[in-house]
Amino acid sequence: GELYTPVLLLVDYFHGHFEYRRDKEWLQWRVLPFEDGNYMLEHFLQTIAPTVEEAGSSPQEVILDPKREHTLWNSKHAAIYDVFFANPPSGVVTPEELGKYPAVVLAGDIRISPELATNLTQYVRAGGTLLINSAQADIFKDDTEFLGVKMLAGHKTANNTKIREIELAGARTVLKGPDGDILMTKKTYGKGNVLFATPRFMLVEGDKKTTSKLIDKILTKIHDEVLPVKVEGD
């Protein structure tokens, strides 16, 4: 058979990621304190492929969930994801490379250069679906034709989430919070779509170590649309 990975997690080359002890303090490379982008990337990875720790394990040891092995694991999100750098030393990821994937998810704090922004817009125009977070989208803030929203200067906190305030400018709301706050919009651009998530880095305010349930909800919606089959049950 052929490996089918229809969703790309696009991350920053300088972001970094390493296993660490998840108890009192989360440290990147076991040395550096986590920044918001680190938390976002880790929460996406943990939603897709969770790991756990055993009590008394060494600070260097993080073990796999008993339901997971190194190659395959019992997860509702399955092994349908690739990870690639947005801006490696070899050059910015190209529209052709992005075009191999029906959906691209920007994960973490990505430095979006003008060249990368152009390549992302070309990818969507050609038929791709891009999930972009409000904390990643400043370079597009004046491009309402692409995002479909006008990004306002302020944020509001609702249901333990810091939400970027926006005005719809061609996009439609596809996900709302309990109080009616817009959490995600969808804008058709060319042959593709832009999904714009308003919660900043998808973090839970006051407890950044807790994974937002929105991540699971959004990834589930994406993989339900890109997979050729639907799998249910244990």
Side-chain angles (χ1 to χ4, degrees), residues 7-20 22 25-49 81-94 97-98 101 103-121 123-124 128-143 146-147 149 151-157 160-166 183-185 194-216 218-219 222:
V7 184
L8 176 66
L9 295 181
L10 198 63
V11 302
D12 195 277
Y13 179 76
F14 296 101
H15 205 301
H17 183 266
F18 196 68
E19 299 283 33
Y20 54 87
R22 300 177 182 88
E25 186 176 10
W26 289 18
L27 296 175
Q28 190 66 19
W29 305 106
R30 302 187 185 129
V31 176
L32 302 175
F34 261 45
E35 296 180 356
D36 288 348
N38 298 104
Y39 283 108
M40 179 188 189
L41 176 57
E42 182 61 22
H43 289 316
F44 269 84
L45 294 175
Q46 288 294 316
T47 299
I48 295 167
Y81 297 83
D82 275 347
V83 180
F84 196 69
F85 294 124
N87 45 9
S90 57
V92 172
V93 62
T94 66
E97 290 168 327
L98 296 172
Y101 301 90
V104 171
V105 175
L106 302 187
D109 189 4
I110 298 181
R111 297 161 179 80
I112 302 181
S113 65
E115 181 183 2
L116 177 56
T118 297
N119 292 353
L120 290 173
T121 57
Y123 161 73
V124 175
T129 291
L130 177 71
L131 173 62
I132 187 170
N133 186 265
S134 61
Q136 303 160 333
D138 280 349
I139 195 168
F140 298 111
K141 67 176 187 289
D142 297 322
D143 192 350
F146 180 66
L147 291 183
V149 301
M151 295 173 60
L152 305 180
H155 291 77
K156 65 177 296 185
T157 300
N160 296 321
T161 304
K162 191 174 183 180
I163 301 171
R164 183 70 176 257
E165 295 189 272
I166 62 170
L183 301 180
M184 192 168 73
T185 64
V194 177
L195 302 176
F196 180 84
T198 59
R200 186 178 183 277
F201 286 120
M202 305 299 295
L203 297 181
V204 176
E205 285 295 296
D207 186 9
K208 295 179 181 179
K209 296 180 182 179
T210 296
T211 302
S212 170
K213 295 180 180 179
L214 289 174
I215 296 176
D216 174 77
I218 292 172
L219 290 182
I222 290 175

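For the numbers below, each heavy atom of this structure counts, side chains included, while hydrogens, waters and symmetry mates do not.
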A side-chain contact here means heavy atoms from C-beta on lying under 4.5 Å apart; do [X] and [Y] qualify?
X	Y	value
Tyr123	Thr94	no
Val194	Phe140	no
Val7	Tyr101	no
Phe196	Met151	yes
Ile132	Leu147	yes
Leu120	Leu130	yes
Val104	Thr129	no
Leu9	Leu45	yes

[atom2] on [Y] to [atom1] on [X], rounded to 0.5 Å:
X	Y	atom1	atom2	value
Ile110	Leu116	CD1	CG	7.5 Å
Asp207	Ser212	CG	OG	11.5 Å
Ser134	Glu165	OG	CD	11.0 Å
Asp143	Thr121	CG	OG1	7.5 Å

Notebook entry, point to check: Would Ile163 and Arg200 satisfy side chain to side chain contact (heavy atoms under 4.5 Å, CB included), going step by step from the backbone distance to the final call?
Noted result: CA-CA 6 Å; Ile163 301 171; Arg200 186 178 183 277; over 6 Å; no
On a heavy-atom basis, which atom in [X] and which in [Y] lie closest, and how many Å separate them?
X	Y	result
Ile139	Ile112	CD1-O, 3.2 Å
Val92	Ser113	CG2-OG, 4.2 Å
Leu41	Ala107	CD1-CB, 3.9 Å
Phe201	Gly108	CE2-O, 3.7 Å
Ile166	Thr185	CD1-CG2, 4.1 Å

Next item on the list: For the pair Phe34 and Tyr39, name the ring-plane relationship: parallel under 30°, tilted 30 to 60°, perpendicular over 60°.
Entry: perpendicular
Item checked: Salt bridge present between Arg164 and Asp138 (N-O < 4.0 angstrom) -> yes
Next item on the list: State whether the number of non-hydrogen atoms from other residues, nucleotides or ligands found under 6.0 Å of Glu35 atom CD is greater than 12.
Entry: no
Any donor and acceptor pair, going by atom type alone, linking the side chain of [X] with main-chain N or O of [Y] inside 3.5 Å?
X	Y	value
Asn119	Val93	yes
His43	Lys208	yes
Gln136	Asp109	no
Asn160	Glu205	no

Margin query: As a test of understanding, state which of Leu214, Ile218, Thr198 forms a side chain to side chain contact (heavy atoms under 4.5 Å, CB included) with Met184.
Written below: Ile218
Next item on the list: Going by the side chain to side chain contact (heavy atoms under 4.5 Å, CB included) test, name the single residue among Thr211, Asp216, Leu219 that passes it with Phe44.
Entry: Leu219
Item checked: Between Asp12 and Asn87: side-chain donor-acceptor atoms closer than 3.5 Å -> yes
